[in-house]
Amino acid sequence: THNEPCSMAPDDKHDLISGTCSHLPYVTPAHQYPMGSVLSLERRQSLLTWAQRVGAYIIEDDYDAVFTYGDNPLPALKAMDYHNRVIYMGTFSKTLGPGARLGYLICPDELLPAVQNMKALNNNGSQWLLQQFLAELMQNQVFYTHISKLACSYATRLTLLRDGLSTLFPEGKIAGATAGLHLSLRIARHTEFIARLQQSCLLAGIRFDTLPDIENGSEAAWRKENSDAVMFFGFGGLQIQQINKVLTVLEQALAQP
């Protein structure tokens, strides 16, 4: 359930600019998708030590970690990177909305010319007016006030959903509650039971995904070693009353024979 670094030999090296890349780990250490686990501080340090030793770069995708819950969140890999080995990327889709189609990249200085050239050659039309609008929001602090309000709202929704799921599935294990906009629920139930539950919820207008619904390869490897079912619940687009409806529908579906 963690973001596993690639299997790396001590002499593995790569040159991103020349294109002779042998290893370029892609990680989401703050909130792994889809399981929601967090990469420990020790493993983050180990990954950075490896990158420095072999001269590799690491892509850190901080796609929704702007929303963190609880005390003392772990620092980003980029914040721990004193040797310029991390390429840090993020998006404004979770804060302004997916329609903004804006993201950002913080890369080592030696990669900047190549990245700028690639952006220029593959520019699909990032709107300059929207970029200027965002810059002004940041400059006058409105953006950060907006983030703070969103974080409070999401924390309330997260707590309601997490506590409700814990009550309905006391045997389950919830992950992903420290950051982001979705939770995973791992339970020791047969796939037939989950399928019936999923179908009952769909009939009531409620949808949740399971691991087979969204797997892309890495999840299949996890499933080879784990027989538990995993259910995923997003709360970013739901209001409090909608989350209550989700929990009510789940409760009713569980009561069915």
Side-chain angles (χ1 to χ4, degrees), residues 1-8 12-70 72-96 98 100-119 122 126 134 138 143-144 147 150-151 154 175-182 184 214 216-219 221-222 236:
T1 60
H2 296 284
N3 292 0
E4 298 287 351
C6 302
S7 177
M8 307 157 186
D12 286 335
K13 293 181 180 294
H14 77 272
D15 184 344
L16 187 61
I17 297 178
S18 67
T20 58
C21 172
S22 62
H23 282 298
L24 185 64
Y26 171 92
V27 295
T28 53
H31 192 232
Q32 188 264 351
Y33 183 85
M35 299 298 290
S37 55
V38 177
L39 198 66
S40 68
L41 188 64
E42 292 77 15
R43 298 188 70 183
R44 295 178 193 222
Q45 188 59 61
S46 295
L47 186 57
L48 289 170
T49 299
W50 166 83
Q52 178 190 359
R53 185 177 73 248
V54 305
Y57 291 104
I58 303 165
I59 296 178
E60 178 180 15
D61 188 355
D62 221 3
Y63 67 100
D64 67 359
V66 65
F67 301 114
T68 57
Y69 317 103
N72 302 319
L74 293 175
L77 276 177
K78 188 64 177 176
M80 302 169 59
D81 176 28
Y82 299 105
H83 301 281
N84 291 322
R85 308 317 307 172
V86 175
I87 302 169
Y88 183 88
M89 60 190 296
T91 177
F92 295 103
S93 294
K94 308 295 185 182
T95 53
L96 295 181
R101 300 188 63 80
L102 286 177
Y104 55 91
L105 195 70
I106 302 173
C107 62
D109 290 343
E110 62 268 22
L111 299 182
L112 189 57
V115 170
Q116 289 175 323
N117 287 337
M118 286 188 288
K119 171 60 178 172
N122 295 279
S126 299
L134 177 59
M138 290 182 169
F143 178 76
Y144 305 104
I147 293 297
L150 277 181
Y154 287 150
T178 59
L181 300 175
H182 81 278
S184 68
I214 62 175
N216 61 16
S218 60
E219 293 83 5
W222 181 89

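Heavy-atom basis, side chains included; hydrogens, waters and symmetry copies ignored.
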Problem set entry | Validation row: Leu112, Cys107 side chains within 4.5 angstrom (heavy atoms) | yes
Exercise. His31 side chain to Ala179 main-chain N or O, any donor-acceptor pair under 3.5 Å?
Worked result: yes
Exercise. Side chains of Ile58 and Leu77: does their closest heavy-atom pair fall under 4.5 Å?
Worked result: yes
Exercise. Under the 3.5 angstrom rule, does the side chain of Tyr69 hit a backbone N or O of Gly180 as a donor-acceptor pair?
Worked result: yes
Exercise. Looking at residues at least two apart in the chain, or sitting in another chain, which of them share a ring pair (Phe, Tyr, Trp, His ring centres under 6.0 Å) with Tyr104?
Worked result: Phe92
Problem set entry | Evaluation steps, side-chain contact (heavy atoms from CB on, under 4.5 Å), between Ile87 and Leu105 | CA-CA 7 Å; Ile87 302 169; Leu105 195 70; 3.6 Å; yes
Problem set entry | Main-chain N/O of Pro34 paired with His182 side-chain donor or acceptor, under 3.5 Å | yes
Exercise. Roughly how far, to the nearest 0.5 Å, is OG1 of Thr91 from CZ of Arg101?
Worked result: 9.5 Å
Problem set entry | 4.5 Å side-chain heavy-atom contact, Tyr57 and Glu110 | yes
Problem set entry | Separation of Ser40 OG from Leu74 CG (nearest 0.5 Å) | 8.0 Å
For this session: Decide side-chain contact (heavy atoms from CB on, under 4.5 Å) for Thr95 and Phe143; before the verdict, give the C-alpha distance in whole Å, the side-chain angles of both, and the deciding distance to 0.1 Å.
Result: CA-CA 9 Å; Thr95 53; Phe143 178 76; 3.9 Å; yes
For this session: State, to 0.1 Å, how close Val38 and Ala30 come at their nearest heavy-atom pair, and which atoms those are.
Result: CG2-O, 3.4 Å
Exercise. Are any of the side-chain heavy atoms of Val66 and Ile147 separated by less than 4.5 Å?
Worked result: yes
For this session: Please confirm whether the backbone N or O of Leu39 pairs with a side-chain atom of Arg44, one donor and one acceptor, at under 3.5 Å?
Result: yes
For this session: Calculate, to the nearest 0.5 Å, the distance between atoms CG and OH belonging to Leu181 and Tyr63 respectively.
Result: 8.5 Å
Exercise. If you measure from CG on Asp64 to CG on Asp61, what distance do you get to the nearest 0.5 Å?
Worked result: 9.0 Å
For this session: Evaluate whether atom CG of Asn117 has more than 12 neighbouring non-hydrogen atoms of other residues, nucleotides or ligands under 6.0 angstrom away.
Result: yes
Exercise. Any donor and acceptor pair, going by atom type alone, linking the side chain of Lys78 with main-chain N or O of Val86 inside 3.5 Å?
Worked result: yes
Problem set entry | pair Leu102-Leu134: side-chain heavy atoms closer than 4.5 Å | yes
For this session: List the steps and the verdict of side-chain contact (heavy atoms from CB on, under 4.5 Å) for Trp50 and Arg85.
Result: CA-CA 10 Å; Trp50 166 83; Arg85 308 317 307 172; over 6 Å; no
Exercise. What is the distance from atom CG of Leu47 to atom CE of Met80, rounded to the nearest 0.5 Å?
Worked result: 9.5 Å
Exercise. Where the side chain of Glu60 meets the backbone of Tyr88, is there a donor-acceptor pair that is under 3.5 Å apart?
Worked result: no
Problem set entry | Thr49/Gln45 under side-chain contact (heavy atoms from CB on, under 4.5 Å): CA gap, chis, key distance, verdict | CA-CA 6 Å; Thr49 299; Gln45 188 59 61; 3.6 Å; yes
